[in-house]
Amino acid sequence: MDGSLALIFLITSLTDMGLNDCKTGRCLQEYDASARISLQGGQVLFQEEQQSEEVYFGYDLPRQFGPFQPTIGASLTDENGLWVGAGFKWTSQDMIAGPLFLETSLMPGLYSRGNGPDLGGSLHFRSALGLGYRFDNGGTLALLYDHRSNGDTQNLNPGLETIAIRYAFVIE
């Protein structure tokens, strides 16, 4: 996988910003958003083969800057591979009415391989694309596909993918 998911994040979020936020004069204006805690479980793929299982914990901050919501996350595989990062996510809430939504994200972070594959260096970018359902209480359930790589900052850059299910709930 190349940088396609990062490109999808940029296209979706910047299109939303142009169509919605900038038209109202708030391109990157800060405003309140729902803070969420997310829990995710999934399968990690390396070189298109199942590598390990992973758990992910995330926190979406209670603010947005235009369409960009700051988010932080950490994941751990059953091979003790650890990734910790922070970045931004976008959801289609301003573009598509109803409980179904699209989500994209881009998060730089640090990777420690544990007993997992060598991905080339510690700096790794995690980008994701997901389809989800928003419940009446604000909680969400989403199916996500994400890719991690060092963005060719190292000679070795095989990348890693995750297919996961994430549940997120609103916190006050």
Side-chain angles (χ1 to χ4, degrees), residues 1-18 28 33 36-61 63-93 95 101-133 140-168:
M1 186 80 189
D2 53 18
S4 298
L5 293 179
L7 183 61
I8 290 170
F9 167 77
L10 290 173
I11 290 170
T12 55
S13 59
L14 293 175
T15 299
D16 182 13
M17 185 172 74
L28 292 174
R36 285 189 174 79
I37 299 279
S38 59
L39 303 169
Q40 171 179 309
Q43 293 200 350
V44 177
L45 306 173
F46 179 67
Q47 311 266 320
E48 299 182 8
E49 293 189 18
Q50 203 264 326
Q51 176 75 29
S52 59
E53 305 293 325
E54 178 185 72
V55 293
Y56 175 96
F57 174 81
Y59 174 65
D60 299 339
L61 279 71
R63 65 186 61 83
Q64 279 189 232
F65 299 92
F68 304 103
Q69 184 170 17
T71 186
I72 58 175
S75 65
L76 181 67
T77 70
D78 58 5
E79 295 180 314
N80 293 319
L82 175 67
W83 179 88
V84 177
F88 293 95
K89 71 175 9 178
W90 168 86
T91 62
S92 61
Q93 65 190 9
M95 298 184 75
F101 66 91
L102 292 174
E103 174 182 305
T104 61
S105 63
L106 179 59
M107 301 170 67
L110 298 175
Y111 170 73
S112 173
R113 70 183 271 194
N115 297 319
D118 183 0
L119 300 179
S122 309
L123 175 64
H124 284 265
F125 302 91
R126 189 170 191 159
S127 50
L129 174 65
L131 176 63
Y133 182 86
T140 62
L141 185 64
L143 177 64
L144 293 122
Y145 176 79
D146 80 30
H147 172 74
R148 270 171 278 180
S149 79
N150 62 37
D152 289 325
T153 61
Q154 305 288 316
N155 289 331
L156 179 66
N157 185 29
L160 199 67
E161 282 77 35
T162 306
I163 299 172
I165 295 178
R166 178 185 298 167
Y167 178 72

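Please read all numbers here as calculations on a predicted model, not as lab measurements.
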With sequence neighbours excluded, residues passing side-chain contact (heavy atoms from CB on, under 4.5 Å) with Ile72: Tyr59, Ala86
Contacts of Thr71 that satisfy side-chain contact (heavy atoms from CB on, under 4.5 Å) - sequence neighbours left out: Asp60, Lys89, Met107
Tyr167 side chain near Leu39 side chain, heavy-atom distance below 4.5 Å: no
Over 12 non-hydrogen atoms of neighbours within 6.0 angstrom of CD in Gln50: yes
Residue pair Thr91 / Gln69, side-chain heavy-atom distance below 4.5 Å: no
Summary of side-chain hydrogen bond (donor to acceptor under 3.5 Å, both in side chains) pairs that have at least one residue in residues 38-47, sequence neighbours excluded: Gln40-Arg166
Trp90 side chain near Met17 side chain, heavy-atom distance below 4.5 Å: no
Main-chain N/O of Gly120 paired to Asn150 side chain as donor or acceptor, under 3.5 Å: yes
Within-4.5 Å side-chain heavy-atom neighbours: Asn157 and Gln154: no
Ile165 atom CD1: more than 12 heavy-atom contacts under 6.0 Å: no
Heavy-atom closest contact (Thr104 atom, Thr12 atom, distance): OG1-OG1, 3.1 Å
Sequence neighbours excluded - side-chain hydrogen bond (donor to acceptor under 3.5 Å, both in side chains) pairs with any residue from residues 123-132: Glu54-Arg126, Ser75-Arg126, Arg126-Asp146
Results of ring pair (Phe, Tyr, Trp, His ring centres under 6.0 Å) for Phe57 - residues two or more places apart only: none
Pair listing, side-chain hydrogen bond (donor to acceptor under 3.5 Å, both in side chains) test, anchored in residues 108-123, at least two apart: none
